[in-house]
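Please read all numbers here as calculations on a predicted model, not as lab measurements. Chain letters run A, B, ... following the sequence lines, proteins first, then strands; residues in each count from 1.
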2 protein chains.
Amino acid sequence: MIYGYDPRTGETVGEPLPETDSAGVDLVVSTAAAAGAAWRATPAAERALALEAVADALAARADDLWVTADRETALGEVRLRGEIARTAGQFRLFAQVIRDGGYLEAIIDHADPAATPPRPDVRRMKRPLPGVVAVFAASNFPFAFSVAGGDTASALAAGCPVVVKAHPGHPQTSAQVAGIVRGALPYPDLLGLVQGMQAGVDLVTHPSVVAAGFTGSVAGGKAIKKLIDERETPIPFYGELGSVNPVVVLPSAPKAEVAAGFAGSLTLGVGQFCTNPGLMFVPEDDELRKALAAAVEGTAGGPMLGERIRDGYLGGLDRLGELTLLAEGRPGEGAWAVTPKVFTTDLDTFAAGLPRIAEECFGPASLVVTYRDVADLAAVLGRLEGSLTATVHGTDPDEAGEIADVLAVKAGRLIWNGWPTGVAVCWAMHHGGPWPASTSAFTSVGATAIDRWVAPTAYQDWPAALLPDELKDDNPLSIPRRVDCRSHM
Amino acid sequence: MIYGYDPRTGETVGEPLPETDSAGVDLVVSTAAAAGAAWRATPAAERALALEAVADALAARADDLWVTADRETALGEVRLRGEIARTAGQFRLFAQVIRDGGYLEAIIDHADPAATPPRPDVRRMKRPLPGVVAVFAASNFPFAFSVAGGDTASALAAGCPVVVKAHPGHPQTSAQVAGIVRGALPYPDLLGLVQGMQAGVDLVTHPSVVAAGFTGSVAGGKAIKKLIDERETPIPFYGELGSVNPVVVLPSAPKAEVAAGFAGSLTLGVGQFCTNPGLMFVPEDDELRKALAAAVEGTAGGPMLGERIRDGYLGGLDRLGELTLLAEGRPGEGAWAVTPKVFTTDLDTFAAGLPRIAEECFGPASLVVTYRDVADLAAVLGRLEGSLTATVHGTDPDEAGEIADVLAVKAGRLIWNGWPTGVAVCWAMHHGGPWPASTSAFTSVGATAIDRWVAPTAYQDWPAALLPDELKDDNPLSIPRRVDCRSHM
């Protein structure tokens, strides 16, 4: 049985839920696949309306949803209401994306009989992957990266059915959200939910599963990747794993703002963000050092999402504890509460300790590395593993020098004078990056997240009567297309 | 040592070439990586000129290139000159592609301070993968899928250095082509060449390699995939493996044309195409049966590219030999010559023999399956493995019924009243398909093949002075972009 727990008390919450056994997983996947056949054939305009119905249904239930989630996560009303709004917004964004149709990358090359050799009429567009998408929900966003999160919204938008493996940190929330989404979809079985670790194994090895999305730890992601690698029929694995999110503070950066912004970003949501600033490079500067210490001392901890996550944080602190403690916040309250801690070392010690010294410590901890000369930074930054983000603070772009080029190959998103927590759900967002930030070149946030669930089909001299509307000469759906080498709005 | 062989005589050709040892592979990869840093920073317009210089250099040397290749492949002057022209054409296409800039998928979302939460300025474009692309050359196209083939051209276009593992079937041709390409590039080390099977292992496990392209057998592809799966840092593997390329002949199809087209497509290049029509479904019809037999009997075999490929073909014939021989062509001449053979069976026997009965037999062999009713086909087609292509012959699109939908999830390219051999190098081409046709959702032929070697980077509130030209507000390179949700030419 799966129990939800209250991070404030460590006690179980509500009735336990059964684990899904192998036959159960097979049933859920099979019914999802059957519903998927009809969904795949549903025109984009109708799919868009269904996504908006899901958004409306989630928003309408915000009053009970946040209460259920708060009991299992202790994330609080403001954050959880905001996250529900974001989750609904993601469904609305993907409704826009499929109405727009640009993601289909429709291309038409009319026949050219004069070419050598003569060229047939060739048309190409992306189609939904033919099968079920498996989604492994994350712990730290019980809505936006969970049952009805961005992976689910983008896969449904693409035309694929989805089966989610619930995160054990919020089983009741998962079940409640699944019920709401299923009730709003034209074919409820388009969304399936399974619970339990073995169910995840059965899911990702099921022959009808054609792709998997995952948000979680490096260890968890590696375990799923191994299962996928061993499949008879390989499938794409879109994992978003660990990220240390380096921040470089240039000498020109305003010290007070940097200190306040850092402390806020570090401790938001008890530091439980994959974009948490876990590593910061600052000039050797007593004033900045004092400002950072004061800002961190003004923060407070809180209960982490689960006991194992808390234990992982404490293990990370043990490792960082070999360095000097710069400052700590006030301890939080509750069974699984932790304290924000910031450690410090100099650039040489840091470089000598790579790669272990730069490992992610999930939670409100960070390592501040002091440097003497900006020119020394590029070589060290070049040795970091991949991250979701890399941030530079400064007032003079010239001061960044080659740092910008180095960071551009180390992270999926570059930020200037901002903080990595907070990921805008927009068309241009990229939430990914080199391993271990991501296992692929795709994003899990923003409009282009839909690209993970589609694959091209080319139609050669195919009869107009059998062509999808998206590829007909008169462009009845008015989608952006590239026709005879030129792209057209 | 690596020896080239003449398929017409089975004798060695030219001087043997040394296998590249581990230290040699490391040196080639490292020098390619170093050259890649400069190439990555080279503006697209200059990269395009360099690609055109490579095209010119290859075309200028066609007179000796085809002779070298013919000695090692026996493919003949006409085919080889055509293939050299195609190979040069691929470089010219990718010069167009990078001048156009659409493949960068540039997106700009200006800041929206009124949004909840306020949205920063976010801009996204694709950048070359940060490292070396490994390319495993194919046997059957000594130019177009080899050292200077589509993988190499598209990766260089994207901004990545390339190291090719030469195919042992044409070592001299590989060395000659590498010399020509290196001489035409601004940094010769952008293209490295290694020879020998262990060199391939060392290449794909090298830490500086960031992606691999492969064209070859299912067994070979699985072996490379296993090496990649075991890497500490995962990399994308773009393999184009086996494909049986089903053809469905509807009752309305003109019999004589189908018979002639089939025999021609089957025996082109001694059947050594990944798009060879290895499986065809035809109505039970004595007239069609006779036309097919007569057409096949009018064909001739020839020497295959290598002894192992010939042996593989003979092994496949043993398996198909359990069925009825419909017809065979005239035997070819030369040491490794083989004879075209077409077998036949009925739909029930075929369905009972799946999946083994539908395995690819690389070479001029095919299996013709007779059916009584078009309505019986969809269920059987639905059980086939993935293919690069699926073809339908008929005069009435309505007659295809649900066959079109079934084939659309079984193949990357659908062809009407044509033949799968001959892959147009154009913007809309898709040369890929479900496993085992391909290991990914990407194409290895056509403009979008470049998508394999790039990954997005997002820039958040990034200073204009540090933004790539492609993302500057005034669009100095006039590339297609999506700005504030709308796509623009």
Side-chain angles (χ1 to χ4, degrees), chain A residues 85 96 100 102 105 107-109 116-117 119-120 122-124 127 129-130 225 229 233-234 236 397-398 400 404 408-409 412-418 422 424 426-430 432 434-435 439-441 443 448 454-463 465-466 480 482 485-489, chain B residues 85 96 100 102 105 107-109 116-117 119-120 122-124 127 129-130 225 229 233-234 236 397-398 400 404 408-409 412-418 422 424 426-430 432 434-435 439-441 443 448 454-463 465-466 480 482 485-489:
Chain A
Q96 275 186 57
D100 174 274
E105 292 177 13
I107 307 178
I108 297 178
D109 290 330
T116 309
R119 204 183 64 207
V122 184
R123 299 167 190 233
R124 168 199 189 266
R127 305 286 313 267
L129 294 179
K225 180 179 179 298
D229 288 346
T233 304
D398 286 345
V409 300
R413 175 164 56 115
L414 302 173
I415 302 162
W416 188 267
N417 282 353
C426 58
W427 288 76
M429 179 48 63
H430 183 63
W435 172 269
T439 62
S440 78
T443 182
T448 58
V454 291
T457 300
Y459 298 82
Q460 180 171 324
D461 291 333
W462 204 243
L466 296 181
R482 180 179 288 274
C485 308
R486 305 281 293 177
S487 69
H488 295 281
M489 172 52 218
Chain B
Q96 275 185 57
D100 173 274
E105 293 177 11
I107 306 178
I108 297 178
D109 291 327
T116 311
R119 204 181 64 207
V122 185
R123 300 167 188 233
R124 168 200 188 263
R127 306 285 313 265
L129 294 179
K225 180 179 178 299
D229 287 344
T233 303
D398 285 344
V409 299
R413 175 165 55 115
L414 301 174
I415 303 163
W416 189 267
N417 284 350
C426 58
W427 287 77
M429 179 49 62
H430 184 65
W435 173 267
T439 62
S440 77
T443 182
T448 58
V454 290
T457 300
Y459 300 81
Q460 180 172 322
D461 292 333
W462 204 242
L466 296 180
R482 180 180 288 273
C485 308
R486 306 279 295 176
S487 69
H488 295 281
M489 174 50 221

Chemist: Under a 4.5 Å cutoff for heavy-atom pairs, which residue among B:I108, B:D109, B:V122, B:V409 has the most contacts with chain A?
Modeler: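 Top count of heavy-atom pairs under 4.5 Å with chain A: B:D109.
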
Chemist: Counting heavy-atom pairs under 4.5 Å with chain B, which one of A:L129, A:D229, A:I107 comes out on top?
Modeler: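 Answer, by heavy-atom pair count under 4.5 Å with chain B: A:D229.
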
Chemist: Select one option (side chain, backbone, both, neither) describing which atoms of B:T233 are under 4.5 Å from chain A's heavy atoms.
Modeler: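 Contact with chain A is through both the backbone and side chain of B:T233.
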
Chemist: Please determine, among B:R413, B:E105, B:M429, the option with the most heavy-atom pairs under 4.5 Å with chain A.
Modeler: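 Top option by heavy-atom pairs under 4.5 Å: B:R413.
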
Chemist: Which residue out of B:R127, B:Q96, B:K225 racks up the most heavy-atom pairs below 4.5 Å with chain A?
Modeler: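 When all of B:R127, B:Q96, B:K225 are compared, B:K225 has the most.
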
Chemist: Just so I understand: if I count every heavy-atom pair under 4.5 Å between each of B:C426, B:G418, B:A424, B:A455 and chain A, which residue has the most?
Modeler: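 Among B:C426, B:G418, B:A424, B:A455, the one with the most close pairs to chain A is B:C426.
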
Chemist: Can you tell me how far apart CH2 (B:W462) and CD1 (A:I415) are? Round to the nearest 0.5 Å.
Modeler: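 So the CH2 of B:W462 and the CD1 of A:I415 are separated by 9.0 Å.
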
Chemist: Taking side chain as everything from C-beta outward and backbone as N, CA, C, O, which of these in B:L466 sits under 4.5 Å from a heavy atom of chain A? Side chain, backbone, both or neither.
Modeler: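 Side chain of B:L466 only, per the 4.5 Å heavy-atom cut-off to chain A.
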
Chemist: Which region of B:T448, side chain (C-beta onward) or backbone (N, CA, C, O), has a non-hydrogen atom less than 4.5 Å from a non-hydrogen atom of chain A, or is it both or neither?
Modeler: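 Just its side chain gets close to chain A.
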
Chemist: With chain A as the partner, which of B:A408, B:C485, B:A465, B:A85 has the greatest number of non-hydrogen pairs under 4.5 Å?
Modeler: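 Looking at each of B:A408, B:C485, B:A465, B:A85 in turn, B:C485 comes out on top.
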
Chemist: Of the non-hydrogen atoms in A:R124 and B:W427, which two are nearest, and what is the gap between them?
Modeler: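 The pair with the smallest heavy-atom distance is CD-O, 4.4 Å.
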
Chemist: State, to 0.1 Å, how close B:A458 and A:A428 come at their nearest heavy-atom pair, and which atoms those are.
Modeler: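 It is CB-O, 3.9 Å.
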
Chemist: Return the option, out of A:G412, A:A400, A:P130, with the maximum number of heavy-atom pairs under 4.5 Å with chain B.
Modeler: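 The answer is A:G412.
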
Chemist: Does the side chain of A:N417 reach to within under 4.5 Å of the side chain of B:D461, using non-hydrogen atoms?
Modeler: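 Side-chain contact under 4.5 Å: no.
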
Chemist: Check whether A:W435 gets within reach of chain B through its side chain, its backbone, both or neither, counting any heavy atom under 4.5 Å.
Modeler: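 Only the side chain of A:W435 comes within 4.5 Å of chain B.
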
Chemist: Name the region of B:P120, side chain, backbone, both or neither, that has any atom closer than 4.5 Å to a heavy atom of chain A.
Modeler: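 Looking at B:P120, just its side chain touches chain A.
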
Chemist: Which atom names give the shortest non-hydrogen contact between B:P456 and A:H430, and what distance separates them?
Modeler: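 Scanning both residues completely, I find the closest heavy atoms to be O-CD2, 3.4 Å.
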
Chemist: With a 4.5 angstrom heavy-atom cut-off, which part of A:T439 approaches chain B: side chain, backbone, both or neither?
Modeler: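 When you check distances to chain B, no heavy atom of A:T439 falls under 4.5 Å.
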
